[in-house]
Structure formats: C-alpha cells, structure tokens
Amino acid sequence: MLKQFTCIICPNGCEIQALLENGKIKSLSGAFCKKGEAYVRQELAAPMRNIASSVLVSHGRLPLVSVRLTAPIPKDRVFDAMREIRKIHLDAPVSAGQVVIPHLLGLNSDVIATKHVPAKETPEDSGC
C-alpha cells in the first residue's frame with residue numbers, strides 16, 4: 001500500500017510517499033532530509049504533536065500570554081490538552097519559561113509561558 005505524508009518538521013513540507021507491506025516500510029521517497037524519514041516512521045508508530053496556544057492574564061499589560069509544550073504529546077491527546085490549557089487563567093506578572101501546567105495530562109510535557117507579561121501599572125506605581 002502507498003501512503004502519503006506531508007512532513008511538518010521543517011519549512012520544506014516534503015511530500016513523502018511510503019510504500020508499506022504488512023505494516024512495514026519497504027521504501028520512502030520525497031524526503032529532502034533525514035528528518036522527513038524519521039517523521040514518517042514516528043507517524044506510523046505513534047503520531048506525536050506539539051502545541052502552541054495562549055492563556056488569559058489578569059492585571060497584566062497584555063491580556064494573553066503565549067504558551068507551548070516542552071515536549072510533543074500523543075496526537076490523540078491534543079484536544080484533551082487544549083481543554084486543560086483553556087481552563088488556565090494567570091495573574092500578572094508572568095515570566096517567560098514559567099511552568100503553567102506541570103506534567104500536562106500526566107504526560108512527560110509541561111505547559112510553559114513563552115513571553116514575559118508584566119503587571120499593569122497602578123496610579124500608586126506612577127506616583128500620581
């Protein structure tokens with residue numbers, strides 16, 4: 001059976017064809033680098049995905065902070081992960097690298113902030 005994959009590892013977006021026989025790869029074509037071959041093998045064995053999103057911030061100079069996972073998670077857990085991420089509401093200040101959710105869904109991946117969001121200045125802070 002011939003199966004098509006579009007590699008998402010690098011910007012090339014290689015269209016890779018995998019010839020499968022009894023669930024095993026007989027040949028691969030279309031990958032411009034070794035990452036494409038590794039991607040197809042991973043997709044066939046256990047598809048993984050990484051997530052980038054944002055969460056609400058109260059009392060911050062920005063209303064949202066960007067977040068990402070520290071490691072990919074199983075593809076079939078992405079919607080569960082997003083449900084958990086949507087529940088989060090942080091208070092400023094938020095630091096880049098701050099762990100927002102440790103061990104998301106009991107997996108070996110944390111949700112971390114990727115940006116610093118300082119607290120809003122209050123009238124007392126500005127000397128008014």
Side-chain angles (χ1 to χ4, degrees):
M1 166 195 339
L2 188 63
K3 197 160 183 183
Q4 288 272 134
F5 295 87
T6 301
C7 182
I8 60 173
I9 302 301
C10 71
N12 288 331
C14 297
E15 294 293 330
I16 303 170
Q17 297 79 38
L19 180 59
L20 305 174
E21 189 174 293
N22 296 323
K24 296 187 185 213
I25 299 173
K26 293 307 257 181
S27 68
L28 287 173
S29 63
F32 291 126
C33 67
K34 292 184 184 224
K35 291 178 184 178
E37 182 178 330
Y39 171 75
V40 169
R41 291 185 188 285
Q42 177 68 51
E43 280 295 289
L44 290 169
M48 303 289 278
R49 294 292 182 270
N50 213 325
I51 298 174
S53 187
S54 56
V55 297
L56 293 170
V57 176
S58 293
H59 311 108
R61 289 190 188 165
L62 297 171
L64 298 169
V65 65
S66 53
V67 296
R68 70 169 177 84
L69 300 181
T70 56
I73 61 171
K75 182 179 175 182
D76 64 355
R77 300 299 307 271
V78 168
F79 289 108
D80 298 332
M82 286 305 301
R83 270 192 289 282
E84 292 303 308
I85 291 169
R86 270 195 299 268
K87 293 177 186 177
I88 300 302
H89 193 127
L90 301 172
D91 282 321
V94 178
S95 300
Q98 176 179 330
V99 175
V100 175
I101 305 174
H103 305 292
L104 178 67
L105 302 172
L107 301 168
N108 190 27
S109 187
D110 298 333
V111 178
I112 61 168
T114 61
K115 183 175 185 146
H116 178 69
V117 178
K120 281 184 188 175
E121 284 189 20
T122 63
E124 298 85 38
D125 294 337
S126 62
C128 293

Where G36 and C7 come nearest, the two heavy atoms and their spacing: CA-SG, 3.8 Å

Working to the nearest 0.5 Å, report the span between NZ of K120 and CG of L62. 10.0 Å

Is it the case that over 12 heavy atoms from other parts of the model lie below 6.0 angstrom from the CG atom of D76? yes

Charged N to carboxylate O under 4.0 angstrom, R49 versus E43? yes

Are E121 and R61 close enough that some pair of their side-chain heavy atoms sits under 4.5 Å apart? yes

Can you give me the closest heavy-atom contact between A92 and G60, atom names plus distance? CB-CA, 3.4 Å

Rounded to the nearest 0.5 Å, what's the gap from CD1 on I16 to OG on S29? Could you check? 9.0 Å

Please determine whether residues M82 and L107 belong to a single hydrophobic cluster, defined as Ile, Leu, Val, Met, Phe, Trp and Tyr linked transitively by side-chain heavy-atom distances below 4.5 Å. yes

Are M48 and L44 connected in the hydrophobic side-chain network, where two residues link if heavy atoms are under 4.5 Å apart? no

Hey, what else clusters with I112 if you join Ile, Leu, Val, Met, Phe, Trp, Tyr whenever side-chain heavy atoms sit under 4.5 Å? V99

Roughly how far apart are L19 CG and K24 NZ, rounded to 0.5 Å? 14.5 Å

Test item: side-chain donor near acceptor, S109 and H103, under 3.5 Å: no

Nearest 0.5 Å, what's the OG1-OH distance between T6 and Y39? 7.5 Å

Enumerate donor-acceptor pairs with a distance under 3.5 Å from any side-chain N or O in residues 63-73 to protein atoms, sequence neighbours excluded.
unit_1: S66; atom_1: OG; unit_2: T114; atom_2: OG1; d: 2.4
unit_1: T70; atom_1: OG1; unit_2: D110; atom_2: N; d: 2.9

Heavy atoms, side chains only, cut-off 4.5 Å: are E15 and Q4 in contact? yes

Answer yes or no: is there a side-chain heavy-atom contact under 4.5 Å between V100 and L90? yes

Might you work through the side chain to side chain contact (heavy atoms under 4.5 Å, CB included) test for L28 and V40, ending with a clear yes or no? CA-CA 9 Å; L28 287 173; V40 169; 3.7 Å; yes

I8-I51 co-clustered via ILVMFWY side chain contacts under 4.5 Å: no

Between F5 and L20, is there shared hydrophobic-cluster membership here, with clusters defined by ILVMFWY side-chain heavy atoms closer than 4.5 Å? yes

Contact summary for G30 and C14, nearest pair of heavy atoms: O-CB, 3.5 Å

Heavy-atom closest pair, residues S95 and A113: O-CB, 3.5 Å

Separation of S53 OG from I88 CD1 (nearest 0.5 Å): 11.0 Å

For the residue pair E84 and L105, establish whether any side-chain heavy-atom pair is separated by less than 4.5 Å. yes

Output for pair (L104 CG, R77 CZ), nearest 0.5 Å, gives 8.0 Å

Between I85 and S54 the two heavy atoms that sit nearest each other are CG2-O, 4.4 Å

Do I25 and R41 pass the side chain to side chain contact (heavy atoms under 4.5 Å, CB included) test, and can you show the C-alpha distance, the side-chain angles, and the key distance before you say yes or no? CA-CA 8 Å; I25 299 173; R41 291 185 188 285; 3.5 Å; yes

Salt bridge check: are E37 and K34 linked by an N-O gap of less than 4.0 Å? no

